[in-house]
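In what follows, a single structure is set out as structure tokens and then discussed.
Residue numbering restarts at 1 for every chain, and letters A, B, ... go by the order of the sequence lines. All values reported here derive from a predicted model rather than from experimental measurement.
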2 protein chains.
Amino acid sequence: MAKRPPISNRVKQLRETHDGMSQAALAKEIGVTRQTVIAIEQGRYSPSLESAFRIARVFGVGLEDVFSWDDPQDS
Amino acid sequence: MAKRPPISNRVKQLRETHDGMSQAALAKEIGVTRQTVIAIEQGRYSPSLESAFRIARVFGVGLEDVFSWDDPQDS
DNA sequence: TCTCCATGTCAAAAATTTCTTACATGGCTC
DNA sequence: GAGCCATGTAAGAAATTTTTGACATGGAGA
């Protein structure tokens with residue numbers, strides 16, 4: 001199965017600050033299913049670059065304002 | 001099959017400006033195979049967010065300095 | 001209470017990305 | 001020419017992401 005990726009995201013917070021947009025509404029806007037939004041928010045797997053870009057666009061922010069790389073160790 | 005995503009990238013240029021790093025060397029650094037690097041450079045599909053972050057890191061730039069969303073317009 | 005909505009879980013199928021292996025070409029050097 | 005190295009193609013297997021559909025829970029409101 002999929003490992004948890006070393007990437008965290010603020011999708012949930014962004015939804016809240018975006019007029020309490022629901023997962024279903026976000027899913028519809030970016031063209032994926034609600035299951036996908038749930039899985040991304042829960043960090044079960046990281047989305048495709050394409051979905052990531054679409055999410056950032058919906059919220060009008062940069063990709064790295066939504067997703068961030070937080071690998072503890074790495075040379 | 002996969003559609004070509006509305007995302008372009010400068011991986012090839014970055015390799016060149018990075019001391020002519022080969023595809024094989026880049027692949028090894030980001031932990032994927034050479035085939036994957038080729039496919040990404042050719043835009044056959046967009047990489048996972050994880051691979052995208054690793055590529056940006058290798059070149060010491062931001063994610064959006066490597067990959068950019070170029071969709072004509074959204075509805 | 002009953003209904004609606006948002007969130008969440010689960011499982012299996014479908015789609016996409018990545019890997020593995022093998023082979024081809026062009027450039028360069030010896 | 002022979003030997004490398006970098007790039008490219010191709011096909012199938014493996015892994016991961018996304019979809020589909022069904023069901024459960026809690027909160028808000030009528």
Side-chain angles (χ1 to χ4, degrees), chain A residues 1-59 63-72 74, chain B residues 1-59 63-71 74-75:
Chain A
M1 283 301 199
K3 297 180 200 174
R4 247 188 170 84
I7 295 174
S8 59
N9 73 78
R10 302 194 312 186
V11 175
K12 189 164 193 163
Q13 293 92 310
L14 284 166
R15 271 196 304 112
E16 282 158 7
T17 62
H18 226 251
D19 206 27
M21 178 182 238
S22 71
Q23 293 176 330
L26 174 60
K28 190 177 179 185
E29 288 233 37
I30 66 178
V32 298
T33 63
R34 192 167 62 85
Q35 300 310 315
T36 298
V37 170
I38 290 174
I40 292 170
E41 287 193 359
Q42 295 179 344
R44 278 219 290 278
Y45 51 71
S46 50
S48 62
L49 234 201
E50 201 170 335
S51 293
F53 264 114
R54 288 196 211 270
I55 291 172
R57 263 165 74 89
V58 164
F59 295 126
L63 193 29
E64 300 188 80
D65 291 321
V66 185
F67 300 91
S68 52
W69 180 267
D70 37 51
D71 202 9
D74 180 354
Chain B
M1 307 232 195
K3 300 177 208 171
R4 242 185 176 79
I7 295 174
S8 60
N9 73 76
R10 290 195 248 157
V11 175
K12 189 164 193 164
Q13 293 92 308
L14 285 165
R15 272 196 303 112
E16 281 158 9
T17 61
H18 225 252
D19 206 25
M21 179 183 237
S22 72
Q23 294 176 330
L26 173 59
K28 190 176 179 186
E29 288 232 38
I30 67 178
V32 298
T33 63
R34 191 168 64 85
Q35 299 311 315
T36 298
V37 170
I38 290 174
I40 292 170
E41 287 193 358
Q42 294 179 344
R44 278 218 289 278
Y45 50 71
S46 50
S48 62
L49 235 201
E50 202 171 333
S51 294
F53 264 115
R54 287 195 212 271
I55 290 172
R57 263 175 142 260
V58 164
F59 295 127
L63 192 31
E64 300 187 81
D65 292 320
V66 185
F67 299 91
S68 51
W69 180 268
D70 36 53
D71 206 15
D74 59 79
S75 30

* Asked: Is there a donor-acceptor pair closer than 3.5 Å between any side-chain N or O of R10(A) and the backbone N or O of D65(A)?
  -> yes
* To do: State whether S48(A) places a side-chain N or O below 4.0 Å from either non-bridging phosphate oxygen (OP1 or OP2) of dT16(C).
  => no
* Does a side-chain N or O from K12(B) land closer than 4.0 Å to OP1 or OP2 of dA6(D), or not? -> no
Distance check needed: [N] [atom2] versus [X] [atom1], whole Å only.
X	N	atom1	atom2	result
R44(B)	dA11(D)	CZ	C1'	12 Å
Q23(A)	dG26(D)	CD	C1'	14 Å
K28(B)	dA6(D)	NZ	P	12 Å
I38(A)	dC5(C)	CD1	C1'	13 Å
Q42(A)	dC10(C)	CD	C1'	12 Å
L26(B)	dC5(D)	CG	P	19 Å
I55(B)	dT18(C)	CD1	C1'	13 Å
Y45(B)	dT18(D)	OH	C1'	17 Å

* Asked: Is the closest basic N to carboxylate O distance between E50(B) and R54(B) below 4.0 Å?
  -> yes
* To do: Look at all strands and tell whether G20(B) reaches a base, only sugar-phosphate, or nothing, counting heavy atoms closer than 4.0 Å.
  =>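 Touches nothing.
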* Asked: Quick one: on DNA chain C, does I40(B) or S22(A) contact a more 5' nucleotide (nearest heavy atom)?
  ->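 The answer here is S22(A).
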* For the residue pair W69(A) and F53(B), does the interplanar ring angle fall in the parallel (under 30°), tilted (30 to 60°) or perpendicular (over 60°) class? -> tilted
Nearest heavy-atom pair of [X] and [Y]: which atoms, and what distance?
X	Y	value
I40(A)	N9(A)	O-ND2, 2.9 Å
S8(A)	D70(A)	OG-OD2, 2.6 Å
I55(B)	V11(B)	CG2-CG2, 4.2 Å

* Could you give me the CA-CA distance, side-chain angles and deciding distance for T36(A) and Y45(A), then say whether side-chain contact (heavy atoms from CB on, under 4.5 Å) is met? => CA-CA 9 Å; T36(A) 298; Y45(A) 51 71; 4.3 Å; yes
* **Under 4.0 Å protein heavy-atom contacts per nucleotide of nucleotides 20-30 of chain C, with B for base, S for backbone only and - for none** => BBB--------
